[in-house]
J.: 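Once you've had a glance at the structure underneath, I'll fire off some questions.
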Amino acid sequence: MTIPLLSLIVFTPAVGAAALMFVRNDDVVRWMALGVTVLDFVLCIAMLGGFDTSTHEMQFTETRPWVPALGITYTLGIDGISAPFVFLTALLGWISVLASWVAIDRKVKEFMVSLLAMQALMLGVFCALDLFLFYVFWEAMLIPMYLIIGVWGGDGRVYAAFKFFLYTLAGSLMFLIGVIVLYFHGGETFDIRTLMAQDLPLQVQSWLFFAFLIAFAVKVPMVPVHTWLPDAHVQAPTAGSIILAAVLLKMGAYGFLRFSLPMLPEASVHYSTLMLVLSAVAIVYGGLLALAQDDLKKLVAYSSISHMGLVTLGIFTLNLRGLEGGILQMFNHGVTTGALFLSVGLIYERTHTRSIADYGGLMKAAPVYTAFLALFTLSSMALPGTNSFVGELLVLSGAFAANLAVGAAAVLGALLGAAYLLGMYRKVALGPASIGVRFKIRDVNAREMAAILPLAVFVLWVGLYPKPFLEIIDASVKHLLAQVHGKGGAQ
């Protein structure tokens, strides 16, 4: 009997969340949540251990009838495009629990239940091979994230949660309309693999492309539908910011990879220049906004807009280097930006201020913490030897091959990144030693080290030896490009 590994990965957090409902002691809740997320992570390691990197076919597939009358099935499976993000989601699950250990001190059980439910739904998005099932996971994610921001966020949490919900719900409604249209034009099936094989008319593809673009652009987020992001990040608790930046933003880019490119290849080729321009705008505009920030969280949030613009730029170069770089950069951004939000959260717990002007001389007060912050800052600006350098180099190589002007814009974005990141680090860590006077600062403890160290390992691992990560995605990316250019024509 075959073990339903993906079902175990997806529903282990959900079962854990249900079990937590019957626990009253907050300490027991924390340890149970940690145990569930660590178990889920171990299952994901087993999944990667059995993953065949030589094929583009879906692996670990599971299919069960669900609503036969409408052709809806419970179908799970992963390929080289989804596997890294299943692993990333599970990795950040237990890190988020550790990050919330002290920071969340009220309604602890409800918070951990929301966090575990969120993890289960995100894993479901990356594993679903039925379009209806995908939509259920995609839409249901709104609820726990809305609660995480709205209940455990900062003073402006209600406004931020409401804005997040409205933006993402509007995008989800457009996605639902696209799903219905695709169902009727694709042979009345929700099977994603079958829909990828359909040859839709260009007019239908174009309509669906823009319907999906609205939905995915909100999630990425792309300019001009990005304004919910800074509010959500600033008000969300640390774990919420980590999940939001490291995983939730990837849903939009994943949607382009799973639906727009393989199902709408002609439209993807036809509108690729538009997407490259929108990506270039996001890279530069996000960098400029980040440069103007005095709030640590806002700076990292706006940098995410710029860095995710680099991801969509790589995807729509529609060449091997750009596409592999875009996918790798999705993973890298999850690691690095998740680590930066964790770093901001750790220092905020000590000082209760996010204003850069309130800091200075942090290196003397907390040298270990400052060393980690330096590593993640250098990673975010893509210093050679860090993970982001590999992804950014591939994206830039693909971008210049696709369009010289957008390649130049991406370089400008990289320069802006160096400016705001180095400026932030200089003021926080190397400025006048006022931090010890204003606040009693302690360095990272064992629990915080357990949360932050794995992210540092991946920063250096991908940066120094990216081969295993590129091997996972290579076969699937080549097949995706064959789908795009086979139906969409050479660019």
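Residues take their numbers from the sequence shown, with the count starting at 1. Nothing here was measured: the structure is a model prediction, and the numbers come from that model.
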J.: Please check if the side chain of Ser100 supplies one atom and the backbone of Ala239 the other of a donor-acceptor pair under 3.5 Å.
T.: no
J.: Just checking Tyr271: does its OH atom have more than 12 heavy atoms from other residues, nucleotides or ligands closer to it than 6.0 angstrom?
T.: yes
J.: Could you check if a side-chain atom of His233 sits within less than 4.5 angstrom of a side-chain atom of Val344, using non-hydrogen atoms only?
T.: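 Of all side-chain heavy-atom pairs linking Val344 with His233, none is under 4.5 Å.
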J.: Quick check: do Ser303 and Leu421 have side-chain heavy atoms less than 4.5 Å from each other?
T.: no
J.: Please tell me if the side chains of Tyr302 and Pro230 come closer than 4.5 Å, counting only heavy atoms from C-beta onward.
T.: yes
J.: Checking side-chain polar atoms at under 3.5 Å, does Tyr74 have a donor or acceptor matched by the opposite partner on Ser7?
T.: yes
J.: Going by heavy atoms in the side chains, are Leu133 and Thr75 under 4.5 Å from each other?
T.: no
J.: Find out whether Leu129 and Asp191 are in side-chain contact, i.e. whether some heavy atom of one side chain is under 4.5 Å from a heavy atom of the other.
T.: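 Contact flag for Leu129/Asp191 side chains = no.
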J.: Does Arg258 pair with Asp79 as a salt bridge, N-O distance under 4.0 Å?
T.: yes
J.: With sequence neighbours left out, write down each residue that passes side chain to side chain contact (heavy atoms under 4.5 Å, CB included) with Val311, or none if nothing qualifies.
T.: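 With neighbours one apart ignored, the set is Ala253, Met308, Ile315, Gln329, Met330.
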J.: Under a 3.5 Å distance rule, please check whether Lys478 uses its side chain to pair with a backbone N or O of Ile473 as donor and acceptor.
T.: no
J.: Considering only heavy atoms from C-beta outward, does the side chain of Phe458 approach that of Thr336 to under 4.5 Å?
T.: no
J.: Using only atom types and a distance under 3.5 Å, with no angle test, would you say the side chain of Lys250 pairs donor to acceptor with the backbone of His333?
T.: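 No, the answer is negative, given that no donor and acceptor are paired below the 3.5 Å cut-off.
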J.: For a side-chain hydrogen bond (donor to acceptor under 3.5 Å, both in side chains) check, start with the C-alpha distance between Asn387 and Ser379, then their side-chain angles and the critical distance, and finish with the verdict.
T.: CA-CA 6 Å; Asn387 56 343; Ser379 169; 2.5 Å; yes
J.: Can you check whether Val218's main-chain N or O pairs, donor with acceptor, with Trp228's side chain at less than 3.5 Å?
T.: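 Present.
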J.: Okay, side chain of Thr312, backbone of Gly309: is any donor-acceptor separation there less than 3.5 Å?
T.: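 Yes, Thr312 side chain to Gly309 backbone: donor-acceptor pair under 3.5 Å.
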J.: If we check ring pair (Phe, Tyr, Trp, His ring centres under 6.0 Å) with Phe132, which of these qualifies: Phe175, Trp66, Trp138?
T.: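 Testing each of Phe175, Trp66, Trp138 against Phe132, the sole residue satisfying ring pair (Phe, Tyr, Trp, His ring centres under 6.0 Å) is Trp66.
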J.: Can you tell me if Thr386 uses its side chain to pair, donor with acceptor, with the backbone of Leu383 under 3.5 Å?
T.: yes
J.: Are a donor atom and an acceptor atom from the side chains of Lys219 and Thr168 found within less than 3.5 Å of each other?
T.: no
J.: Under 30°, 30 to 60°, or over 60°: which ring-plane class applies to Phe469 and Phe331, parallel, tilted or perpendicular?
T.: tilted
J.: Please tell me if the side chains of Leu278 and Val223 come closer than 4.5 Å, counting only heavy atoms from C-beta onward.
T.: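 No - every pair of side-chain heavy atoms lies 4.5 Å or more apart.
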J.: Quick one, Gln483 and Met196 - any side-chain contact, counting heavy atoms below 4.5 Å?
T.: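 A side-chain contact under 4.5 Å exists here.
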J.: Does the side-chain contact (heavy atoms from CB on, under 4.5 Å) test come out yes or no for Leu313 and Leu276, once each step is laid out?
T.: CA-CA 5 Å; Leu313 178 67; Leu276 292 176; 3.5 Å; yes
J.: Once the angle between the rings of Phe137 and Phe11 is folded into 0 to 90°, is it parallel (under 30°), tilted (30 to 60°) or perpendicular (over 60°)?
T.: tilted
J.: Which of these, Phe316, Tyr254, Phe210, Phe256, sits in a ring pair (Phe, Tyr, Trp, His ring centres under 6.0 Å) with Phe216?
T.: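 It is Phe256; the other options fail the test.
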J.: Quick check against the 3.5 Å criterion: does Asp40 have a side-chain atom that pairs as donor or acceptor with the backbone of Thr12?
T.: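 Absent.
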J.: For residues Thr227 and Tyr167, is any side-chain donor paired with an opposing acceptor at under 3.5 Å?
T.: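 There is such a pair (donor and acceptor under 3.5 Å, judged by atom type) between the side chains of Thr227 and Tyr167.
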